[in-house]
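A short worksheet on the structure shown next.
For the single chain, residues carry numbers from 1 onward in sequence order. All values derive from a computational prediction rather than experimental measurement.
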Amino acid sequence: MKIVLVNHSDSRGGASVVSMRLVEALRSAGHDARMLVVHNSTGSDFVATAAPHWRARLPFLAEHLRIFTANGMNRADLFKASTATDGLPLSRHPLVKQADVVMLGWINQGMLSLDEIRRIAAMGKRMVWTMHDMWNMTGICHHAGSCSRYMEAEGCRRCPLLHGRAADNDLAASTFRRKSQLYAETDITFVAVSSWLAERCRQSSLMKGCDVRVIPNAFPIDVFHIAPKLSRAEAGLPQHGKLIVMGAARLDDPVKGFPYAIESLNILAKRRKDVSAVFFGNLRHPDVLQSLHLPYVWLGPLSGKERIAEIYAHADVVMSTSLYETLPGTLIEGQAAGAMPVTFDRGGQRDIIRASGEGFLVPFGDNEAFAAALAQAIDHPSDRRKLHELVAGRFGAGNIARAYLQMFS
């Protein structure tokens with residue numbers, strides 16, 4: 001079977017990483033799976049670049065000029081919105097023409113327009129669209145936050161991202177209508193990567209009647225081991241005490257809720273003297289760590305799955321304080337190495353922590369409860385082997401590939 005997965009990048013951001021893993025898993029299952037991207041960073045022989053850099057910039061700039069004009073020329077939320085008004089003519093690309101199955105991933109930032117998706121669908125291809133955030137079910141935003149207009153019969157309008165230009169017939173409203181028309185006229189199967197995201201689809205007036213399945217992201221479970229291969233000194237970790245690990249592409253991205261992490265750890269520090277924190281990922285303002293009241297190390301951005309796996313193998317706890325997550329990969333990776341996850345209960349975390357002994361879910365924003373859960377996780381260590389096997393069954397790349405292939409047939 002010839003499969004092409006269309007995604008903006010092969011390595012930039014969480015959606016790109018898990019899309020790459022899925023393509024690799026489909027290839028391991030014996031199928032001709034390839035990836036079509038704008039940003040090609042891996043150089044893999046099964047990843048093709050959709051267009052030259054200058055050509056890809058044109059629709060990117062055109063779309064953002066439309067958004068910039070529509071939001072009153074406010075830069076603050078410019079890149080939080082996408083409209084898919086402009087894109088590349090990928091229906092003409094050889095990989096798309098030859099494919100039996102066209103899979104769409106994160107196709108924003110001027111990669112694909114809604115009109116071009118309609119043209120691909122008209123070619124009679126089996127089409128699957130994997131959703132990594134809420135954009136498919138809203139007008140223009142990728143995460144609705146506390147806004148519920150996408151659930152209303154009238155659909156998105158008066159969008160907060162458009163500031164002073166928000167109105168009943170604003171850019172969010174017109175994009176919502178364009179999506180509604182596309183979904184009504186095309187045969188697309190949508191895949192939500194978590195039950196939480198699927199539930200948001202069911203609540204959206206835009207996606208009522210759409211075929212929505214739940215298949216989680218694929219993870220290379222075999223990379224993660226429950227016993228460290230290096231000493232703490234060799235791994236650059238604190239020498240003594242329990243270790244709590246938190247990682248992200250950018251730790252102080254507002255979505256990651258880093259202030260909650262600092263406050264929860266400081267509450268824990270008042271009660272425990274045997275704990276150190278380990279952080280990895282970019283930090284725009286590293287001085288924020290100076291407000292921590294317990295020992296810590298910041299490892300900066302880490303490249304290479306083996307290095308990250310070694311950090312998790314030393315960890316007692318892996319934590320996430322994100323404001324919302326579709327399926328937080330750091331928790332799954334930590335679990336695969338036997339670390340106990342502690343997280344706010346706001347997103348796809350319930351697909352990861354389903355029962356006691358698998359981790360701790362904390363009411364969102366309750367730092368006292370979060371600190372208490374961290375203490376419990378430290379005092380009641382997990383059966384590391386059991387956690388690893390649990391994750392392998394739920395999120396192992398081979399199992400996820402089989403779920404997709406069963407859906408294609």
Side-chain angles (χ1 to χ4, degrees), residues 1-51 56 88 90-107 111-112 117 120-121 123-132 188-194 213-225 303-309 326-327 329 332-333 336 388-389 391-409:
M1 186 186 302
K2 290 183 178 293
I3 304 164
V4 60
L5 195 158
V6 182
N7 196 74
H8 196 263
S9 170
D10 58 354
S11 62
R12 295 185 183 183
S16 300
V17 171
V18 296
S19 295
M20 185 69 161
R21 289 173 182 165
L22 178 56
V23 171
E24 291 172 339
L26 292 168
R27 292 179 66 83
S28 294
H31 296 273
D32 183 5
R34 299 178 182 273
M35 203 167 178
L36 186 58
V37 302
V38 170
H39 292 289
N40 186 340
S41 303
T42 64
S44 299
D45 57 7
F46 56 85
V47 177
T49 305
L88 299 169
L90 297 188
S91 60
R92 306 176 197 168
H93 195 282
L95 286 183
V96 174
K97 286 183 174 181
Q98 297 164 11
D100 301 302
V101 179
V102 176
M103 299 181 65
L104 305 181
W106 202 89
I107 50 78
M111 185 179 192
L112 266 183
I117 292 171
I120 295 173
M123 297 167 71
K125 307 290 184 180
R126 178 76 166 91
M127 287 197 70
V128 173
W129 198 339
T130 300
M131 301 176 289
H132 298 282
I188 301 175
T189 301
F190 295 90
V191 174
V193 299
S194 68
R213 319 283 180 93
V214 178
I215 303 177
N217 292 324
F219 287 82
I221 304 302
D222 291 344
V223 171
F224 298 94
H225 42 92
S303 59
K305 292 178 285 190
E306 292 77 12
R307 178 83 194 282
I308 294 173
T326 52
L327 191 72
I332 295 171
E333 291 171 352
H388 178 89
E389 293 173 352
V391 174
R394 290 180 185 168
F395 305 108
N399 292 337
I400 302 306
R402 282 190 287 274
Y404 271 96
L405 291 169
Q406 185 176 10
M407 184 176 61
F408 296 158
S409 61

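- At distances below 3.5 Å, not a single donor-acceptor pair connects side-chain atoms of His8 with backbone N or O atoms of Ile107.
- Residues Ile117 and Trp129 are in side-chain contact: their nearest non-hydrogen atoms beyond the backbone lie under 4.5 Å apart.
- To the nearest 0.5 Å, the span separating NE2 on His93 from CG on Leu36 amounts to 4.5 Å.
- Taking the side chain as every heavy atom from C-beta outward, Ile400 and Ile215 approach each other to under 4.5 Å.
- Note that the CG atom of Leu327 and the CZ atom of Phe219 stand 5.5 Å from one another [nearest 0.5 Å].
- Here the side chain of Lys125 pairs a donor or acceptor atom with the backbone of Lys97 at under 3.5 angstrom.
- Counting heavy atoms from C-beta outward, Glu24 and Pro220 have side chains that stay 4.5 Å or more apart.
- Inter-residue side-chain proximity for Ser16 and His39 is flagged as unmet; no heavy-atom pair is nearer than 4.5 Å.
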Run Val23 and Asn7 through side-chain contact (heavy atoms from CB on, under 4.5 Å) and show every step you take.
CA-CA 11 Å; Val23 171; Asn7 196 74; over 6 Å; no
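- Of all the heavy atoms in Thr42 and Ser11, the pair that sits closest is CG2-CB, 4.1 Å.
- In this structure, the side chains of Met1 and Leu26 stay at 4.5 Å or more apart for every pair of heavy atoms.
- Between Ala51 and Ala56, the shortest heavy-atom distance links the atoms CB-N, 4.5 Å.
- Within the 4.5 Å cutoff, the side chain of Arg394 has no heavy atoms near those of the Pro216 side chain.
- Contact detail for Ala309 and Val223: the closest heavy-atom pair is CB-O, 3.5 Å.
- Taking CZ from Arg126 and CD1 from Ile188, the interatomic distance works out to 10.5 Å, rounded to the nearest 0.5 Å.
- Arg27 contributes a side-chain N or O that, together with a main-chain N or O of Ala33, makes up a donor-acceptor pair within less than 3.5 Å.
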Carefully, step by step, assess Met111 and Leu90 under the rule side-chain contact (heavy atoms from CB on, under 4.5 Å).
CA-CA 9 Å; Met111 185 179 192; Leu90 297 188; 4.0 Å; yes
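- Leu405 and Ala29 get closest at one heavy-atom pair: CD1-CB, 3.9 Å.
- Residues Val38 and Thr49 share a closest heavy-atom pair of O-CG2, 3.8 Å.
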Working for side-chain contact (heavy atoms from CB on, under 4.5 Å), residues Ser44 and Met20
CA-CA 10 Å; Ser44 299; Met20 185 69 161; 3.2 Å; yes
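- Judged purely by atom type and a 3.5 angstrom limit, Thr130 has no side-chain atom pairing as donor or acceptor with the backbone of Val191.
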Take Ile120 and Val6 through the test side-chain contact (heavy atoms from CB on, under 4.5 Å) and record every step on the way to the result.
CA-CA 12 Å; Ile120 295 173; Val6 182; 5.9 Å; no
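- With contacts defined as side-chain heavy-atom distances shorter than 4.5 Å, the pair Arg21/Asn217 does not qualify.
- Listed here is the closest heavy atom pair of Ala50 and Leu88: CB-CD1, 4.0 Å.
- Here the CE atom belonging to Met103 is positioned 4.5 Å from the CZ atom belonging to Phe408, to the nearest 0.5 angstrom.
- To the nearest 0.5 Å, atoms CG (Asp100) and CD1 (Ile3) are separated by 8.0 Å.
- Annotation: the span from His225 atom NE2 to Glu306 atom CD amounts to 8.0 Å, rounded to 0.5 Å.
- In this structure, Leu22 and Tyr404 have side chains that are in contact, with non-hydrogen atoms separated by less than 4.5 Å.
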